[in-house]
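Quick caveat: nothing in here was measured; it's all calculated off a predicted structure.
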Amino acid sequence: MNGIYVQREPKQLSLMSNGAIFVGKFVDVSAKQYYMNEMLKRFLTRVDSGARPTKYALCTALNACAKTSNWHLGLQFHAQIILNGYEDNVILSSALVDFYSKCNRIEDARRIFNYMKQHDQVSWTSIISGYAQFGCGVEAVFLFKNMLKSDIKPNFFTYVSIITACSRLKEPLELGSAVHSHVLKLGFVKNSFLISSLIDFYSKCGIVDGAALLFDAPMTRDNILYNSMIAGYCQNFYCEDALKLLFQMREEGINPTHFTMSSVLNACGSLSLLRLGRQVHSLVLKKGLVSNLFVLSSLIDMYSKSGSIDDARSVFDQTIERNSVLWTSMISGSAHSGRAKEGLELFDHMVEKGCLPDHICFTAVFTACNHAGLLNKAVEYFDRMRKDYGLVPKLDQYACLVDLHARKGDLTKAIQLIDEMPFDPNCVMLSSLLSCCRTYGAVDLGRKVACRLFQLQPDNAAAYVTMAHIYAEAGLWDEVTNIKKLIKQKGIKKSASWSWVEVDGRVHVFLVGDMLHPKSHDIYVLLEQLNLEIKEAQSIRQEMIFSLQFASVYRIPMDVDC
DNA sequence: ATAGGGTTAG
């Protein structure tokens, strides 16, 4: 057990004479988990040697197993429930439903629920909450509707669960706002639990203003309310607002928790705020949150994103307990910082340690391969992903592999992969393929890719510009003119931008975008003059360097086809 | 004293 040096059992936990376990408030969560497990094992030993457990003790024990997600231990208490003839006890069955769903055994939870002769508010709420936590919003809503049809009325616990379920739906808003108005009608609106779940719901729907409105309403705010709002801001890229709330939270004397820290570190990373990130790191140390895996992976991520990969590595090296997310953040950080080899070594290390990689981990591995141009290695990992780990590649993983093939010049293989995969390609994938078509002068393929891209993003000037480049570099000037016409026809608005291409010693300059832009005319005139100069110039490159400098004076976006 | 709820990471 990491970081536990306490010899005696803490007062907060005790085994009662009737076998029940008293659980008080613990400051250190991992200590609580540790002692709870020890206590439960001792209780089980006592039961195994013949003591008859009370239903109360079993209930507390199951509850503890649910909270610590200790499936193996919980199973034995389930056995005790059956052995002692408590199977028909509604309270114990509800506790079982809760236990199984907290251990991610939602189907077992459902079986217990269905087997129950009668349901109460707790069993309904537990199963609905289980499906909501499991990500099955639809099933949770289905059950909620059934509950409304039954004699049992939902209470505010149920509403919290159903709001959580709504944010897991594909079309969350319709039902979610209906539930919100229900909640208002019932007068649960001052309830901190409900407000935080609503803040979370609106944040996940991208309605930050709605969430902030709930948060700003006059009431006493607890740390969870703060945490929900900070997380909401972070999820919607309102990083500055998230940081402001941290300061406000501290001013109000509310203790930041590991929830706060992981969100705030995420904000620091997005803004590359290394100094603030370091300050938060010291706050993490001060609050004793440094063994929390959420906080640690955010720390590693923050340091990587702030360009301080050595600090990220040093945090990583000091961790005692590692899960796949922690490994992935380090692999991903290494990959993005140009340390591909290190990233791949980390992956091998992770697998050796028996940690199972998931989709996101493989994306990090492919990113490392992409940065180092390791095509064969990536193909090998792609196969291993399916064969060794039974993971079906998703769009992100295909995108990495397609990109790698395309960058290496195997455009046929890239497009073959796109056609093979069971998804429609997204814009990012097609854009990257299109720019590879440019690199390798693949006009026909480029045309096909561009057509699909135009359909997906009819207003994106970048795709048109890249295609114009491909045509120009192949000397297909009529096609270039067509594209220009197309851009004009569609009225694609883009602040003036330009690019150039050199073919057989001739330089062609393109001007794409909004011709009404105040700077457009000047640029156009000057570029024309430049063209004349270039005709006479010996060294075209030097002239172009001049023109690039000129363009930057006008702050014209240069990387239009990125 | 002895059942159910909200927030977090790659």
With hydrogens left out and only the distance checked, is there a donor-acceptor pair under 3.5 Å joining A:Thr328's side chain and the base of B:dG10?
yes

Ignoring hydrogens and geometry beyond distance, is the side chain of A:Ser192 in donor-acceptor contact with the base of B:dG6 at under 3.5 Å?
yes

Within 6.0 angstrom of A:Asp151 CG, more than 12 heavy atoms from elsewhere:
no

Given the structure, check if the side chain of A:Ser297 and the base of B:dA9 hold any donor-acceptor pair shorter than 3.5 Å.
yes

Just compare B:dG10, B:dG6, B:dT8 and give me whichever is closest to any side-chain atom of A:Phe259.
B:dT8

Are more than 12 heavy atoms from other residues, nucleotides or ligands located less than 6.0 Å from atom CD of A:Gln118?
no

Spacing of A:Ile163 atom CD1 relative to B:dT7 atom C1', expressed in whole Å
14 Å

Which nucleotide in B:dG6, B:dA9, B:dG4 has an atom nearest any side-chain atom of A:Ser196
B:dG6

Picking from B:dG5, B:dA3, B:dG10, which would you name as closest to the side chain of A:Ser129?
B:dG5

Would you tell me if any nitrogen or oxygen in the side chain of A:Gln121 comes within less than 4.0 Å of OP1 or OP2 on B:dG5?
no

Side-chain donor/acceptor contact of A:Ser262 with base of B:dT8 under 3.5 Å
yes

Carboxylate-amine/guanidinium proximity below 4.0 Å for A:Arg313 and A:Asp310:
no

Any ion pair linking A:Lys244 and A:Glu240 (charged N to carboxylate O, less than 4.0 Å)?
no

Select base, sugar-phosphate, or nothing to describe what A:Ile331 touches, counting heavy atoms under 4.0 Å on all strands.
nothing

Rounding to an integer number of Å, can you tell me how far A:Met261 CE sits from B:dT8 P?
16 Å

Would you say A:Phe142 has more than 12 foreign heavy atoms packed within less than 6.0 Å of its CZ?
no

Rounded to whole Å, the CD-P distance (A:Gln397 to B:dG10) equals 16 Å

Distance check: side-chain N/O of A:Gln133 vs OP1/OP2 of B:dG6, anything under 4.0 Å?
yes

Selection from B:dT7, B:dT8, B:dG10 that lies nearest to any side-chain heavy atom of A:Ile224:
B:dT7

Any non-hydrogen side-chain atom of A:Trp124 less than 4.5 Å from a side-chain atom of A:Gln121?
no

Look at all strands and tell whether A:Ala231 reaches a base, only sugar-phosphate, or nothing, counting heavy atoms closer than 4.0 Å.
sugar-phosphate

State whether the distance check finds a donor on one side and an acceptor on the other, under 3.5 Å, for side chain A:Ser126 versus base B:dG4.
no

Please evaluate the base of B:dG10 for a donor-acceptor partner in the side chain of A:Asp358 within a cut-off of under 3.5 Å?
yes

Nearest-neighbour nucleotide for the A:Asn227 side chain, B:dG5, B:dT7, B:dG10 considered:
B:dT7

Check whether any side-chain nitrogen or oxygen of A:Asn63 sits under 4.0 Å from OP1 or OP2 of B:dG4, and answer yes or no.
yes

Less than 3.5 Å between a donor and an acceptor, one on the side chain of A:Asn323 and one on the base of B:dA9, is that the case here?
yes

So if I take every side-chain heavy atom of A:Phe193 and compare against B:dG10, B:dG6, B:dG4, which nucleotide ends up nearest?
B:dG6

Please state how far atom CD in A:Gln235 lies from atom C1' in B:dG6, giving the value in whole angstrom units.
13 Å

Ring centers of A:Phe77, A:Phe99 separated by less than 6.0 Å
no

Taking only side-chain N and O atoms of A:Asn89, does any of them lie within less than 4.0 angstrom of OP1 or OP2 on B:dA3?
no

Rounded distance in Å - NZ (A:Lys102) to C1' (B:dG5):
8 Å

Name the nucleic acid region contacted by A:Thr257, choosing base, sugar-phosphate or nothing; use a 4.0 angstrom heavy-atom cut-off, strictly under.
nothing

A:Phe144 CZ to B:dG4 P, in whole Å, measures 20 Å

With a 3.5 Å cut-off and heavy atoms only, can you find an N or O donor on one side and an acceptor on the other between the side chain of A:Asn223 and the base of B:dG6?
no

Regarding the side chain of A:Tyr56, the nearest nucleotide among B:dA3, B:dT8, B:dT2 is B:dT2

Side-chain donor-acceptor pair present, A:Ser306, A:Ser272, cut-off under 3.5 Å
no

d(CG, A:Asn191; P, B:dG5) in whole Å
14 Å

Nucleotide of B:dT8, B:dT2, B:dG4 approaching A:Val122 most closely (side-chain heavy atoms):
B:dG4

Side chain of A:Asp200 (C-beta onward), nearest among B:dT7, B:dG4, B:dG10:
B:dT7

Proximity to the side chain of A:Cys59 - top-ranked nucleotide from B:dA3, B:dG5, B:dT8:
B:dA3

Check the phosphate of B:dA3 against A:Lys67, side-chain N and O only, distance under 4.0 Å to OP1 or OP2. Yes or no?
no

Report the distance from atom OH of A:Tyr303 to atom P of B:dA9, rounded to the nearest whole Å.
19 Å

